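Take this structure first; my questions come after.
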Amino acid sequence: MSGADNNDAPTNVMPARYDIGPGMNKFVGEGGRLINAKGERFMEKYNPTLKERAGLRFLAFAFCLEAQQGNAPLFMDMTHLTPEQIRRLKDVLPLAMKMFESVGLVANERFTQPVEWMPMATLGRPGLVVNRRFEATLQGLFACGEACSPQAVPTGLASAATSGATAGKSAAEFACSGASPSLDEEQVKQLREEAYKPLQRSYGIEPDQILLAIQEAVIPYNVLLLRHGERMRRALQAVEDIRDNQLPMLRAYDPHYLRIAHEVRNLALVAELHLRMALARTESRVLLREDFPYEDNENWLKWVVARQDNGRVKLITRDVPLQSYPYQVERTKNLNHMWQLAQKLGIVNVEKGEIQWA
Ligand SMILES: Cc1cc2nc3c(=O)[nH]c(=O)nc-3n(C[C@H](O)[C@H](O)[C@H](O)COP(=O)(O)OP(=O)(O)OC[C@H]3O[C@@H](n4cnc5c(N)ncnc54)[C@H](O)[C@@H]3O)c2cc1C
């Protein structure tokens, strides 16, 4: 996590950083403790009851608060885990544990030192809008699992498997229906030429370089997790610059690089969509904005949907169909409960409708 520099960080910590992804719950389940650069177990302050078990979204916010207070970098301390627990972790998270062993963070069935961690964005995943047959608006296109928007498919193996089973059946029915989509040969030719262009360039920009530029624009915690319109607009400008000036120069040495070049192109599009949608949502709900700290159930019980319009992104909103929900939500506008906590702890104040850091 790229928080404020802090010279009090534990000295012998490896530079490796790890995302707090879904795998984190296994470490927390075994008793891993989150500590800040001063060695404080900071979750005791934010959630004295649940501490590290407070949930990913809560942890991500706590990480942001610690970083804003100059307490980064932040660490997962597992040095107290017993050899038996380490063996269990090796069973359930073999790859992560091998990685830790390869850099000396695990030796002789013990963690040798705290490991630096960073949070990942929670529940901000964009994806295709699909109907209950997992059919997209483009005829003949079906999606399942994490390729769908979270409204259709939440994360997790169970949802991936069940949506996959239904999407597969729907796709097979479509294939058997004889409704073959019509092909525009000219468009196919153009798309093919466009797809192979990076292979034909004798000079240009490598995909790795563009990937790094995208990451530098969108990954900082105060863009991805802790949001402000100004910072997001700057990030969007950087992504638009990549889109307009770097992507047209993508160069691939061979088909392997061509695949990476296309992934980078897709990542740039997802980064743009993500930022545009986040900017459009002028409230704090799942993710928190400093310039719009209220959870706004008067105006924002809506989904933001992106469409392609003449090659550019167009956003629309759709009301959440609350009338079909068994529980009704009050149409009120309140300071988001996470900001309320930060206010109670004296970390922030709200002035003129915006967050001010105390
Ligand atoms: C560390 C970690 C721990 C997790 N723990 C749990 C857990 O304990 N319980 C749980 O329920 N969920 C867990 N999850 C979430 C779960 O893994 C995902 O929700 C699930 O795997 C999503 O399935 P999917 O099929 O949608 O996508 P994926 O599993 O990501 O499958 C997509 C596949 O498509 C391939 N692919 C991508 N691009 C292309 C291309 N252009 N051409 C061909 N192939 C391509 C990829 O290589 C990949 O194999 C965890 C996730 C992570 C990262």
Side-chain angles (χ1 to χ4, degrees), residues 16-30 32 34 52-53 55-57 59-60 63 76 78 85 88-102 105-106 115-136 138 140-171 191-192 194-196 198-199 207-208 210-211 214-215 219 224-225 247 250 252 254-271 273-274 286:
R17 292 171 171 192
Y18 298 91
D19 264 352
I20 290 192
M24 182 201 182
N25 53 17
K26 278 82 174 181
F27 294 111
V28 165
E30 289 294 346
L34 293 168
E52 286 80 6
R53 294 167 196 253
L56 249 187
R57 195 153 72 86
L59 294 180
F63 267 67
M76 173 78 88
M78 295 173 281
Q85 288 178 296
R88 202 156 46 220
L89 282 172
K90 283 183 180 173
D91 279 345
V92 292
L93 289 172
L95 287 180
M97 292 301 281
K98 275 207 173 87
M99 204 160 61
F100 289 148
E101 270 187 315
S102 72
L105 286 167
V106 172
V115 185
E116 188 181 343
W117 290 79
M118 59 185 193
M120 66 172 207
T122 48
L123 302 176
R125 186 188 93 225
L128 278 182
V129 174
V130 288
N131 62 20
R132 290 190 175 201
R133 298 180 69 242
F134 296 93
E135 187 176 31
L138 188 65
L141 180 65
F142 296 82
C144 60
E146 304 220 351
C148 302
S149 68
Q151 286 83 39
V153 181
T155 189
L157 293 168
S159 321
T162 49
S163 62
T166 308
K169 192 163 170 268
S170 305
L191 287 172
R192 187 174 288 134
E194 196 52 42
Y196 284 105
L199 270 180
D208 294 354
I210 300 184
L211 175 62
I214 296 171
Q215 288 174 335
I219 297 288
L224 190 65
L225 299 172
L247 290 182
L250 260 175
D254 55 30
H256 172 72
Y257 264 83
L258 183 63
R259 195 259 304 162
I260 301 176
H262 285 297
E263 277 186 12
V264 162
R265 202 190 291 275
N266 292 341
L267 278 173
L269 175 62
V270 172
L273 291 175
H274 196 86
V286 175

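In listed order, ligands and their atoms are each counted from 1. From a predicted model like this one, the values you see are computed outputs, not experimental measurements.
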His262 heavy atom under 4.0 Å from ligand 1
no
Can you check whether Gln85's main-chain N or O pairs, donor with acceptor, with Glu30's side chain at less than 3.5 Å?
no
Once ring pair (Phe, Tyr, Trp, His ring centres under 6.0 Å) is applied, do any residues pair with Phe134, and if so which ones, sequence neighbours excluded?
none
Ala147 N/O to ligand 1 N/O under 3.5 Å:
no
Side-chain polar contacts of residues 142-150 - donor-acceptor pairs under 3.5 angstrom, sequence neighbours left out - could you list them?
residue : atom : partner : partner atom : Å
Glu146  : OE2  : Thr155  : OG1          : 2.4
Ser149  : OG   : Gln151  : OE1          : 3.3

If the cut-off is 4.0 Å to any non-hydrogen atom of Gly145, which atoms of ligand 1 fall inside it?
26 (O)
Please check if the distance between the ring centroids of Phe27 and Trp117 is under 6.0 Å.
yes
For atom 17 (O) of ligand 1, which of Leu93, Leu157, Asn266 has the closest heavy atom?
Leu157
Does the N or O separation between Glu263 and ligand 1 drop below 3.5 Å for any pair?
no
Quick one: are Lys90 and Glu101 in side-chain contact, heavy atoms under 4.5 Å?
yes
Mark up the atoms of ligand 1 that fall under 4.0 Å of a heavy atom belonging to Thr155, in ascending order.
19 (O)
